[in-house]
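Notes for the one structure printed next.
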Amino acid sequence: MALEKLGDQLRGSLQRLFKATHIDAKLIDHITADIKKSLISADVNIELANKITEIIKRRALAEKSSKLLTAREHTVNIVYDELVKLLGDEAGKINTEKKPTKIYLLGLFGSGKTTTAGKLAKFYKKQGLKVALVQTDTWRPAAFEQLKQLAEKINVPFYGIKDEKDPIKILKKFELDFDRFNVVILDTAGRDALNNELIGELKAIKEAFRPDESLLVLSGDIGQTAFKQASTFKEAVGVTGVIITKLDGTAKGGGALCACSATGALVKFIGLGEHIEDLEEYKPKNFVSRLLGMGDLETLLKKAEEVIDKDTAEELGKKFLKAEFSLTDVYKQMESVKKMGPLSQVIGMIPGMANAIPKDMLNLQEEKMTGWKFIMDSMTQKEKDNPDIIKASRLSRIAKGSGKSEADVRELVKQYYQMKKVMKQVGNPKQLKKIEKLMNMRGLKGLPGF
Ligand code: GDP
Ligand code: MG
């Protein structure tokens, strides 16, 4: 999950709130001080961190909670509210009705432009749009191949001229072809810093390409420096939005997100990993609710709808909700969930689940999943339906048949029971009502569990 450390710390502060017998000024002082410390350690600018803690404090003490919320819920809500404001306004979807919608990516070396170009191509292709990728990074010799390979992987057309040094020539050559596509994504060269050479080049490309969106790609690990980068790029070249990458691997991502918001630049997407699927439209509300461990059913359901066939989901979902599932069901569900992204990311979106399963276990599980298919293939239907019967002789037969060790087979059975236990916990009536309500709303009745 993104901003793991910040999330852990903020959830810690809220836990304190939940555990307290009553809420008074002293407690609020403690909690807001905690929150401030967490924000500063995520490289959020000190003034911004000060400001938000003062506001939370003032609101928590001044506002009366409504009838519908307990005092605790009310305070949590204020924290949530203010964090959402700090982390930015929602940019809204990029309008792709115009044909072609031209998206121009710019930024410094290594910010993640080329990777993000590929991710965006995949993102729009999944929506059924015709997408093309264009390379005008003539600065780095490897850039041509890098994007070409990504294009092949996603199976979208690629435009570029190997060894051509002039980006404008590349654009002019293919310009007329672009009209065939819904979305044309343009990758550009970076530099170590925004110097005059880069500004000149980016302006010339902009003039020749006439983009609908100019998106600045920033790496999350620059933290609050993002403020300066976003402002200078905005001023020098003009940008319509920002994409922040590498939020999976840095403690400073919170600082970067807040800094962009402070410049008024809207963050449109966030990058959450090196894989082509690790891109999300940025929605501060969903983001903060996940960060605080409140889950993010909307995002999860949207992903689930994309990858899980509805009937399977419905049938499996019922079994999972009641914690009545066999190993065959686990396998089917695993396959679906795998398509949704890394397990840890998926689990983080289920309310209350962000902390329920240790991350190590999730990572382990993810690796193990590959081996599980072999093991399950060597089981009889009876064994899959009722793993209880797998004792010594069956164990050794399955191990031999699958080419795995007996320990591996035992582990699978153990994990299965562990999952059952977790599902029983998640499946408490209150949680279920909420999940079912949302699913009914979307006509999707299965819980995309795991
Ligand atoms: P460019 O120079 O701006 O084109 O940057 P690249 O797209 O070549 O990316 C630079 C490095 O960052 C590569 O190793 C990418 O795999 C990595 N990268 C890009 N986006 C992400 C992300 O969201 N998460 C992680 N962990 N790595 C990323
Ligand atoms: Mg590049």
Side-chain angles (χ1 to χ4, degrees), residues 1-6 103-123 133-154 156 158-165 167 170-171 185-195 197-198 201-202 205 209 214-223 225-226 229-230 233 237 239 241-257 260 267-282 287 290 341-345 348 359 363 366:
M1 193 190 148
L3 314 193
E4 212 154 322
K5 192 164 156 243
L6 178 62
I103 300 179
Y104 173 39
L105 298 178
L106 55 148
L108 299 182
F109 271 154
S111 56
K113 293 178 296 301
T114 308
T115 313
T116 305
K119 289 177 177 178
L120 280 172
K122 174 92 193 193
F123 178 85
L133 281 166
V134 187
Q135 183 55 283
T136 54
D137 179 354
T138 55
W139 195 258
R140 276 192 165 170
F144 177 90
E145 272 307 317
Q146 193 190 354
L147 193 65
K148 187 164 174 270
Q149 279 172 16
L150 281 169
E152 278 161 12
K153 197 165 152 196
I154 311 158
V156 300
F158 168 77
Y159 293 95
I161 306 173
K162 204 175 164 80
D163 299 328
E164 171 59 64
K165 288 286 167 235
I170 301 174
L171 284 173
I185 299 160
L186 179 73
D187 189 16
T188 60
R191 299 292 188 278
D192 286 325
L194 183 62
N195 54 27
E197 184 187 46
L198 180 58
E201 180 176 313
L202 291 176
I205 293 177
F209 187 54
S214 304
L215 303 179
L216 174 64
V217 181
L218 295 175
S219 169
D221 57 18
I222 65 172
T225 321
Q229 259 192 53
F233 268 93
V237 196
V239 299
V242 177
I243 298 179
I244 300 193
T245 65
K246 305 185 200 175
L247 282 183
D248 52 308
T250 171
K252 291 185 170 182
L257 282 164
C260 278
V267 179
K268 303 219 172 181
F269 288 93
I270 49 178
L272 298 165
E274 293 190 49
H275 298 290
I276 202 106
E277 303 274 354
D278 299 334
L279 181 82
E280 241 180 64
E281 279 175 296
Y282 181 58
F287 189 78
R290 254 187 284 160
L343 211 49
S344 54
Q345 218 173 308
K359 192 160 171 36
N363 288 341
E366 188 117 46

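Both counts, for ligands and for their atoms, begin at 1 and track the order of listing. Hydrogens, waters and symmetry mates are skipped; everything else that's a heavy atom, side chains included, is used. None of these values were measured; they are calculated from a predicted model.
The shortest side-chain heavy-atom distance between Cys260 and Ile244 falls under the 4.5 Å cut-off. Looking only at side-chain heavy atoms (C-beta outward), Phe209 and Thr136 stay at 4.5 Å or farther from each other.
Shortest contact from atom 4 (O) of ligand 1 to any protein heavy atom: Thr114 OG1, 2.8 Å. Annotation: atom 1 (P) of ligand 1 to nearest protein heavy atom, Lys113 N, 3.4 Å. For atom 6 (P) of ligand 1, the closest non-hydrogen atom on the protein side is Thr115 OG1, 3.4 Å. Annotation: atom 5 (O) of ligand 1 to nearest protein heavy atom, Gly112 N, 3.0 Å.
Tested against Val217, the residues Thr114, Leu105, Asp187, Val242 include a single side chain to side chain contact (heavy atoms under 4.5 Å, CB included) partner, Leu105. Just one of Ile170, Leu106, Thr188 meets the side chain to side chain contact (heavy atoms under 4.5 Å, CB included) condition when paired with Ile205; it is Thr188.
Close to ligand 1: Leu108, with a non-hydrogen atom less than 4.0 angstrom away. Ligand 1 is never approached by Gly190 to a heavy-atom distance shorter than 4.0 Å. In this structure, Asp248 is part of the shell of residues with a heavy atom less than 4.0 angstrom from ligand 1. Taking a 4.0 Å cut-off on heavy atoms, Gly273 registers as neighbouring ligand 1.
Listed for the Tyr104 side chain is a donor-acceptor partner under 3.5 Å among the backbone atoms of Leu202. Although no hydrogens or angles enter the test, the distance criterion places a donor-acceptor pair under 3.5 Å between the side chain of Thr245 and the main chain of Ser111. Listed for the Lys119 side chain is no donor-acceptor partner under 3.5 Å among the backbone atoms of Glu274.
For ligand 1, the polar-atom distance check against Thr245 finds no nitrogen or oxygen pair separated by under 3.5 Å. Of the N or O atoms in Glu274, one or more lie within a sub-3.5 Å distance of an N or O in ligand 1. Taking distance alone, with nitrogen or oxygen atoms compared against 3.5 Å, Gln146 approaches ligand 1 more closely than that limit. Residue Gly110 has at least one N or O atom closer than 3.5 Å to an N or O atom of ligand 1.
Taking both residues in full, the closest heavy atoms of Leu218 and Ala230 are given as CD1-CB, 4.4 Å, listed atom of the first, atom of the second, then distance.
Proximity to Arg140 (heavy-atom distance under 4.0 Å) selects the following atoms of ligand 1: 2 (O). Proximity to Gly271 (heavy-atom distance under 4.0 Å) selects the following atoms of ligand 1: 23 (O).
Residue Gln229 holds its CD atom at 8.0 Å from CG of Leu194, rounded to the nearest 0.5 Å. Rounding to the nearest 0.5 Å places CG of Leu257 at 6.0 Å from CG of Leu3.
Not one N, O or S atom of Gln146 sits under 2.8 Å from the Mg ion (ligand 2).
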Checklist entry - What do the steps show when you test Gln135 against Phe158 for side-chain contact (heavy atoms from CB on, under 4.5 Å), and what is the final call? => result CA-CA 8 Å; Gln135 183 55 283; Phe158 168 77; 3.8 Å; yes
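Heavy-atom proximity to atom 18 (N) of ligand 1, evaluated over Lys246, His275, Lys119, is greatest for Lys246.
With a heavy-atom cut-off of 4.0 Å, Leu272 touches ligand 1 through its backbone alone.
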